[in-house]
Amino acid sequence: MAKFAESLILASQSPRRQLLLKEAGYDVTVITPSPHAETPPRLDETPRESVLRIAREKAEDVASRVDQGIILAGDTLAELNGRPLGKPADREHAREILRALRGHDHFVWSAICLWRRPMDEVLVDVDRTTVKMAPLSDDEIEEYLDSGLWEGKAGAFGIQDRTGWVEIDEGSLTNVVGLPMELFRQMLSRFNE
Ligand SMILES: Cc1cn([C@H]2C[C@H](O)[C@@H](COP(=O)(O)OP(=O)(O)OP(=O)(O)O)O2)c(=O)[nH]c1=O
């Protein structure tokens with residue numbers, strides 16, 4: 001792993017992003033972006049464009065409060081037939097999303113923004129994973145909804161929650177969980193070039 005003298009600041013309240021970094025040996029300080037920093041996906045954007053913009057908004061918000069270091073922000077969306085699927089508003093919404101996704105291939109997009117202070121050098125990039133959800137029965141969906149694990153997850157489902165229910169066709173697993181670690185390492189090394 002590349003060593004950085006600069007501190008790494010995770011601009012995220014996501015416990016999963018924090019865990020992925022910790023497991024990979026990165027020491028991070030967490031500063032949560034303000035809830036107003038992020039504006040939801042817009043109709044005139046593709047899901048790819050939305051995650052790139054939103055990751056940057058979160059990083060910029062935290063950068064305005066940091067004097068020195070590298071700020072890392074991310075954003076994740078699922079996409080089914082061009083339609084962005086974010087975090088479900090409630091159980092009803094989660095059910096609707098899972099019924100739409102079951103049995104289908106879909107994409108998961110995660111963007112990363114690295115914002116280096118005080119130079120204000122900014123890198124933004126995105127990764128895409130193709131996944132397939134098993135043809136879940138209504139009962140299986142209700143069982144998952146009962147677990148509450150869908151809350152706060154793009155596409156109302158966590159690949160890490162039920163092994164075998166979602167399979168990766170192509171791409172990175174950490175990208176699906178919210179932070180593509182391969183891309184993160186590449187981006188970090190670009191600051192060293
Ligand atoms: C598709 C999928 C998403 N997710 C999670 C990753 C993200 O945390 C979440 C998408 O929400 P995001 O808005 O990307 O992030 P967040 O609200 O959790 O945290 P913050 O904005 O503060 O950084 O969905 C999983 O954990 N497993 C999955 O399989």
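For reference, positions follow the sequence shown, starting with 1. Read the numbers this way: they start at 1 and go in the same order the structure lists the ligands and their atoms.
The residue from K87, K153, R17 that alone fulfils the side chain to side chain donor-acceptor pair (under 3.5 Å) condition with T76 is R17. Among V28, V66, L72, the single residue meeting the side chain to side chain contact (heavy atoms under 4.5 Å, CB included) criterion with I9 is V66.
Backbone and side-chain nitrogen or oxygen atoms of K153 are examined, and none is located within less than 3.5 angstrom of a nitrogen or oxygen of ligand 1. Residue G178 places no N or O, backbone or side chain, under 3.5 Å from any N or O of ligand 1.
Distance from atom 29 (O) of ligand 1 to its nearest protein heavy atom, with residue and atom name: I159 N, 2.8 Å. Looking at atom 8 (O) of ligand 1, its nearest protein heavy atom turns out to be R16 NH2, 3.1 Å. The protein heavy atom nearest to atom 7 (C) of ligand 1 is R17 NH2, 3.9 Å. In terms of protein heavy atoms, atom 4 (N) of ligand 1 is closest to V176 O, 3.8 Å. With respect to atom 21 (O) of ligand 1, the closest heavy atom belonging to the protein is K58 NZ, 2.6 Å. Ranking the protein heavy atoms by distance from atom 17 (O) of ligand 1 puts K87 NZ, 2.4 Å first. Residue, atom and distance of the protein heavy atom nearest to atom 24 (O) of ligand 1 are A154 N, 3.0 Å. Among protein heavy atoms, the minimum distance from atom 6 (C) of ligand 1 is reached at V177 O, 3.3 Å.
Considering each of A11, P33, S12, A111, the one bringing a non-hydrogen atom nearest atom 23 (O) of ligand 1 is S12.
For the residue pair A78 and G155, the shortest heavy atom distance occurs at CB-CA, 4.1 Å.
Taking the ring centre of Y144 as origin, the terminal cationic atom of R162 falls outside the region bounded by 6.0 Å and 45° from the ring axis.
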Please test E45 against S50 for side chain to side chain donor-acceptor pair (under 3.5 Å), starting from the C-alpha separation and ending with a verdict.
CA-CA 6 Å; E45 287 175 329; S50 298; 2.7 Å; yes
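Using a 4.0 Å cut-off to heavy atoms of G152, the atoms of ligand 1 that qualify are 9 (C), 24 (O). Shown in contact with G158 at under 4.0 Å from a heavy atom are these atoms of ligand 1, numbered in order with element: 27 (N), 28 (C), 29 (O). Applying the 4.0 Å criterion to heavy atoms of Q160 picks out, from ligand 1, the atoms 25 (C), 26 (O), 27 (N), 28 (C), 29 (O). Counting atoms of ligand 1 from 1 in the listed order, those under 4.0 Å from a heavy atom of Q13 are 16 (P), 17 (O), 18 (O), 19 (O), 20 (P), 22 (O).
Counting heavy atoms from C-beta outward, S110 and T129 have side chains that stay 4.5 Å or more apart.
Salt bridge status for R91 with E151: absent, with no side-chain N to carboxylate O gap under 4.0 Å.
In this structure, CD1 on I71 lies 9.0 Å from SG on C113, to the nearest 0.5 angstrom. To the nearest 0.5 Å, the span separating CG on L145 from CG on D90 amounts to 10.5 Å.
In the model, W115 has a side-chain atom that pairs as donor or acceptor with a side-chain atom of D120 under 3.5 Å.
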